[in-house]
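For reference, the structure is listed below as structure tokens.
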Amino acid sequence: MPRSGIPSDEARLVPPNFITEIIDEDLRSGKYDLIVTRFPPEPNGYPHIGHAIASFIDFGIAADYKGRCHLRLDDTNPLTERAQYVEAIVNDMRWLGWDWGVHLYYASDHFDRLYEMAEALIKMGKAYVDSLPEEKIREFRGTPDRPGIPSPYRDRSVEENLDLFRRMRDGEFEEGAHVLRAKIDMTSPNMKLRDPILYRIIHAEHYRTGTKWCIYPMYDFAHPLSDYIEGVTHSLCSSEFIENRAVYDWLVETLAGCCGLPEWPRPKQIEFGRRSLEYTVVSKRKLVKLVEGGLVSGWDDPRMPTLSGLRRRGVRPQAIRRFVQKVGISRTDRTVDIALLEWAIRDDLNAVAPRVMAVLDPLKLVLTNVEGEEWLEAPYFPPDIGKEGSRKIPLTREIYVERSDFALEPPKGWKRLALGWATRLRHAYVVVVDEAVRDDRGAVVALKGRVLKDTLGKNPEGIKVRGAIHWVSARYGLPAEFRLVDRLFRVPHPDELPDFLDAYNPESLEVKQGFIEPSVKDDPPDTRYQFERLGYFWRDPVDSTDAQLVFNRIVTLKDTWARREKAQRPRKAAAKKAGPVAKRPPELTPEARARFERYLAQGIGEQEALILARETELGRYLEAVFGLPRKTVAPWVVHEIGPFLRRGENRIRPEDLAEILRLLAEGQVSARIVKEALQKAQESGRRPAAIVLEEGLSVIADEATLSPLVDEVLRAFPERVAAYKAGKAGLLGFFVGQVMQRTKGRADPQKVKSLFKARLEE
RNA sequence: UGGGGCGUCGUCUAAUGGCAGGACAGCGGACUUUGGAUCCGCCGGUCGUGGUUCGAGUCCACGCGCCCCAGCCA
């Protein structure tokens with residue numbers, strides 16, 4: 001029997017987060033032995049970057065815990081789902097590197113058992129067939145601020161429900177005539193609990209089950225029970241399903257041990273915050289608009305955020321995984337900076353992409369002192385990459401350079417070609433441009449220059465070389481098309497616009513005709529190159545042929561020159577802070593006001609007095625604590641007992657609070673110890689004072705014991721002592737904390753603090 | 001305006017009452033036959049107001065802001 005273990009932080013693919021904390025605790029407590037997750041895409045569209053993130057969480061966590069993750073196609077709606085999408089999903093998930101072993105499932109695999117469970121629910125009296133028309137069901141459901149009302153069909157007998165449901169299954173009814181609903185609570189403030197629909201009639205052919213069924217389970221029914229059937233333990237999903245959890249738990253609990261479901265392990269749902277990406281949309285509706293509107297060439301257009309698009313662009317799965325790993329997981333919905341994705345792509349490619357030269361916007365440079373040709377050795381990688389390999393590149397009389405690499409009037413800091421300047425031809429000689437040939441409109445159409453002899457592998461003496469530029473032999477260079485892919489949208493948050501298409505970036509694809517060095521001719525077609533000084537490229541897997549080379553730009557190089565050139569436009573408006581503060585409205589009833597005044601008179605702080613006056617349960621508790629001044633007791637009641645009291649979970653009696661507070665007053669324990677004891681008392685139901693006694697939690701306040709500890713800490717952190725003396729006052733808390741740790745919280749912090757102060761001022 | 005969820009550098013994310021740290025971005029420098037990579041440095045944050053505490057991003061109260069829920073979608 002395989003068992004999950006808690007991985008060390010270094011061994012994790014998925015950085016520790018609130019979900020792994022829950023799992024760690026579940027493993028430690030023995031609640032689960034084996035971690036089982038699932039990734040449940042609906043086969044109604046192509047996977048995109050959002051699926052990459054969700055799948056990373058599901059597959060990554062399962063792998064980290066040596067558990068398993070099921071790939072489950074959530075196909076409960078025959079109207080929208082297609083086998084072609086299943087294929088795309090399986091393909092893309094494999095591409096990302098996920099391994100589900102034999103655990104490829106379909107919700108439709110479970111249709112028989114789900115049906116059986118629906119009948120079980122009916123027999124328990126917990127589900128009924130509702131025959132209200134669709135509009136009425138909607139109407140009866142109420143609104144978020146008004147409760148729903150029960151359907152007149154809600155109390156049909158088990159027999160009638162069973163009969164109707166079976167006839168639904170047998171195809172006796174039209175679509176919409178009946179639905180099966182769970183009988184939960186039509187007045188619940190959680191809309192999902194207002195008798196959720198479990199099954200509906202759809203007379204459509206399912207891509208897998210054909211015409212076997214004409215009733216199909218809803219997500220809320222099929223999802224939790226599929227999890228349960230498959231033995232999933234942790235069902236991780238995004239935050240919009242938080243309210244569905246109530247239905248999830250209701251179903252799991254009412255069907256536990258039923259219909260062949262085990263009592264344990266039961267699955268539980270945990271929700272994480274959604275992630276979106278700047279300059280991107282992922283909703284199927286919007287993606288369809290781009291495809292159908294002809295704004296992109298298809299679902300795998302290199303500009304698309306689909307995994308097939310990213311793949312065609314040339315992004316490797318390693319980069320995607322690195323990206324989603326860096327994004328991280330939390331409970332909060334977030335929008336990720338697209339620069340992080342670009343960084344991940346570059347970081348991946350930098351180490352693997354051979355460097356070659358291509359000229360995208362060619363300008364002819366005639367080297368007047370070059371005759372014939374010379375084949376020069378050029379390494380594929382710069383020294384810092386540490387990889388072997390080189391190719392030969394031909395230098396001929398005519399070469400192409402990048403039009404943007406020549407300036408008639410070079411700006412300050414220019415490190416390229418200019419009249420009379422010496423510039424390195426990458427991997428070759430230093431060149432000097434003598435003449436710019438211009439047409440009648442004054443535009444530069446060609447350059448004439450000469451190479452400097454004896455500058456191969458060394459710099460000329462007495463001449464300043466300004467930078468190095470890439471180039472391609474005009475005779476040997478291969479003509480090629482270059483597709484420069486850029487962000488699909490001009491604004492970071494196209495989703496926020498009334499019409500996201502307004503932000504479409506018409507410059508997101510720029511096509512260039514240029515030349516590439518001949519060495520690439522026989523390279524494997526999936527080679528990712530770095531075109532020196534331009535970016536990372538690879539052959540378009542669809543359109544590139546030997547006769548007509550087509551390269552896609554995967555991502556540009558970081559370009560500090562271009563950045564400098566660009567006007568320093570402010571990146572983002574400062575986030576607006578919360579508005580003006582509203583003062584608290586102390587609307588009190590006359591009785592509450594009287595209590596408030598009374599508490600005030602007893603010396604209780606204003607804030608505590610207000611809470612105690614308003615929340616009579618807390619007030620009553622306070623007044624049941626005898627033998628101590630009210631003002632001493634009040635903060636404890638409000639801050640320590642109050643939260644438990646409100647939830648109805650308080651386990652500490654007033655007299656027991658009084659007992660331990662007396663110990664505090666006598667100086668036998670510190671406030672910190674009281675807090676700790678109260679916490680334990682709430683957990684165990686024991687008397688706090690008894691906990692103090694049994695666990696030896698008495699306070700350590702005598703200087704003889706504390707002084708050596710203080711000295712020890714001071715000795716252990718000399719550089720912090722120096723920092724403190726230099727003015728970093730916040731370190732006092734650190735020092736005190738060290739002693740608190742060393743005494744397991746028993747030291748009297750006030751005493752410790754004053755000892756430190758005295759010592760540090762010496 | 002009912003219920004639920006969430007607020008930490010520009011962005012993402014740590015800190016489980018004890019030094020607010022890291023990454024990306026930005027800025028500056030070193031190095032460079034890629035204005036790449038690498039290295040070094042800098043900038044910059046706890047939504048607000050109070051309270052509790054020796055000590056609060058963390059606990060309490062009151063506000064503010066954003067997101068989700070009224071599909072026979074998932």
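Proteins get letters first, then strands, A, B, ... in listed order; numbering begins at 1 in each. All heavy atoms count here, side chains included; hydrogens, waters and symmetry mates do not.
For the side chain to side chain contact (heavy atoms under 4.5 Å, CB included) with A:H427, the qualifying choice from A:I393, A:L376, A:L395, A:L456 is A:I393, the only one to do so.
Listed pair A:T560 / B:G36 meets the phosphate criterion, a side-chain N or O lying under 4.0 Å from OP1 or OP2. Taking side-chain N and O atoms only, A:R200 has a distance below 4.0 Å to OP1 or OP2 of B:C73. A:R563 has a side-chain polar atom (N or O) that falls below the 4.0 Å cut-off from OP1 or OP2 of B:C27. At B:U33, none of the side-chain N or O atoms of A:R426 fall inside 4.0 Å of OP1 or OP2 (strictly under the cut-off). For A:R285, no side-chain nitrogen or oxygen approaches OP1 or OP2 of B:C73 to under 4.0 Å. Phosphate proximity of B:G51 to A:Q607: absent, as no side-chain N or O sits under 4.0 Å from OP1 or OP2. Side-chain N/O atoms of A:S239 include none lying less than 4.0 angstrom from OP1 or OP2 on B:G5. Phosphate proximity of B:C72 to A:R141: present, with a side-chain N or O under 4.0 Å from OP1 or OP2. Neither OP1 nor OP2 of B:C54 sits under 4.0 Å from any side-chain N or O of A:S670.
Among the heavy atoms of the strands, none lies under 4.0 Å from A:R194. Among the heavy atoms of the strands lying under 4.0 Å from A:L132 is at least one base atom, whether or not backbone atoms are also near. Backbone-only contact: A:R331 has heavy atoms under 4.0 Å from sugar-phosphate atoms and none from a base. Within the nucleic acid shown, A:D748 has no heavy atom closer than 4.0 Å to any nucleic acid atom.
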Show each protein N/O and nucleotides 16-18 of chain B N/O combination with a separation under 3.5 Å, one pair to a line.
residue	atom	partner	partner atom	Å
B:U16	O4	A:E21	OE1	3.4
B:U16	O4	A:E21	OE2	3.2
B:G17	N7	A:K675	NZ	3.2
B:G17	O6	A:K675	NZ	2.9
B:G18	O6	A:R672	NH1	3.0
B:G18	N3	A:G733	O	2.9

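Taking atom CZ of A:R416 as the reference point, atom C1' of B:U34 lies 11 Å away to the nearest angstrom. Atom CE of A:M191 is separated from atom P of B:G71 by 7 Å (rounded to the nearest Å). Between the CZ atom of A:R466 and the C1' atom of B:U34 there is a distance of 19 Å, given to the nearest Å. For the pair A:D495 CG and B:C67 C1', the computed distance is 13 Å after rounding to whole Å. Rounded to whole angstrom, the span from the CZ atom of A:F221 across to the P atom of B:G71 amounts to 21 Å.
With both pairing distances under 3.5 Å, B:G55 is matched to nothing as a Watson-Crick or G-U wobble pair. Across all strands shown, B:C66 pairs with B:G5; the Watson-Crick or G-U wobble distances both stay below 3.5 Å. Here B:G26 sits opposite B:C42 as a Watson-Crick or G-U wobble pair (both hydrogen-bonding atom distances under 3.5 Å). Applying the Watson-Crick and G-U wobble criteria (two distances, each under 3.5 Å), B:A61 pairs with B:U49. B:G36: no Watson-Crick or G-U partner with both key distances under 3.5 Å is found in any strand.
Across B:C72, B:A23, B:C54, the shortest atom-to-atom separation from the side chain of A:K326 is found for B:A23. Nearest nucleotide to the A:D384 side chain, out of B:G51, B:A74, B:G36: B:G36. With B:A74, B:G36, B:G4 as the choices, the nucleotide that has an atom nearest any side-chain atom of A:I242 turns out to be B:G4. In the set B:A37, B:C60, B:G35, the nucleotide with an atom closest to the side chain of A:K558 is B:A37. Distances from the side chain of A:K192 to the nucleotides B:C69, B:U13, B:A25 place B:C69 closest. Out of B:U8, B:C69, B:G10, the shortest distance to the side chain of A:R334 is found at B:U8. Checking B:C12, B:A37, B:C73 against every side-chain atom of A:V327, the shortest atom distance belongs to B:C12. Minimum atom distance to the side chain of A:E134 is reached by B:C72, of the listed B:C24, B:C72, B:C60. In the set B:A70, B:U34, B:A61, B:A70 carries the atom at the smallest distance from any side-chain atom of A:R138. Nearest to the side chain of A:D559, among B:G35, B:C24, B:A74, sits B:G35.
The aromatic ring centres of A:Y248 and A:F241 sit 6.0 Å or more apart. Separation of the A:Y128 and A:Y153 ring centroids does not fall under the 6.0 Å cut-off. Centroid-to-centroid, the aromatic rings of A:Y199 and A:F165 come within less than 6.0 Å.
Toward the 5′ end of RNA chain B lies the nearest nucleotide of A:T332, the other residue of the pair A:T332 and A:G176 mapping further downstream. Mapping A:N459 and A:E81 onto RNA chain B via the closest heavy atom, the residue that lands nearer the 5' end is A:N459.
Under the side chain to side chain donor-acceptor pair (under 3.5 Å) criterion, A:D384 pairs with no residue at all, not counting sequence neighbours.
The CG atom of A:D748 sits 12.0 Å away from the NZ atom of A:K753 when rounded to the nearest 0.5 Å.
Classified by its glycosidic torsion, B:G4 falls in the anti category, the angle being over 90° from 0.
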- request: Take A:E608 and A:H639, measure what side-chain hydrogen bond (donor to acceptor under 3.5 Å, both in side chains) needs, and give me the verdict at the end.
  value: CA-CA 9 Å; A:E608 279 77 21; A:H639 297 288; 2.9 Å; yes
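In this structure, A:R647 forms a cation-pi arrangement with A:F644, its terminal cationic atom sitting closer than 6.0 Å to the ring centre and no more than 45° off the ring axis.
Between the side chain of A:R181 and the backbone N or O of A:D195, at least one donor-acceptor pair lies under 3.5 Å.
Relative ring orientation between A:W414 and A:W561 is described as perpendicular, the plane-to-plane angle rising above 60° on a 0-90° scale split at 30° and 60°.
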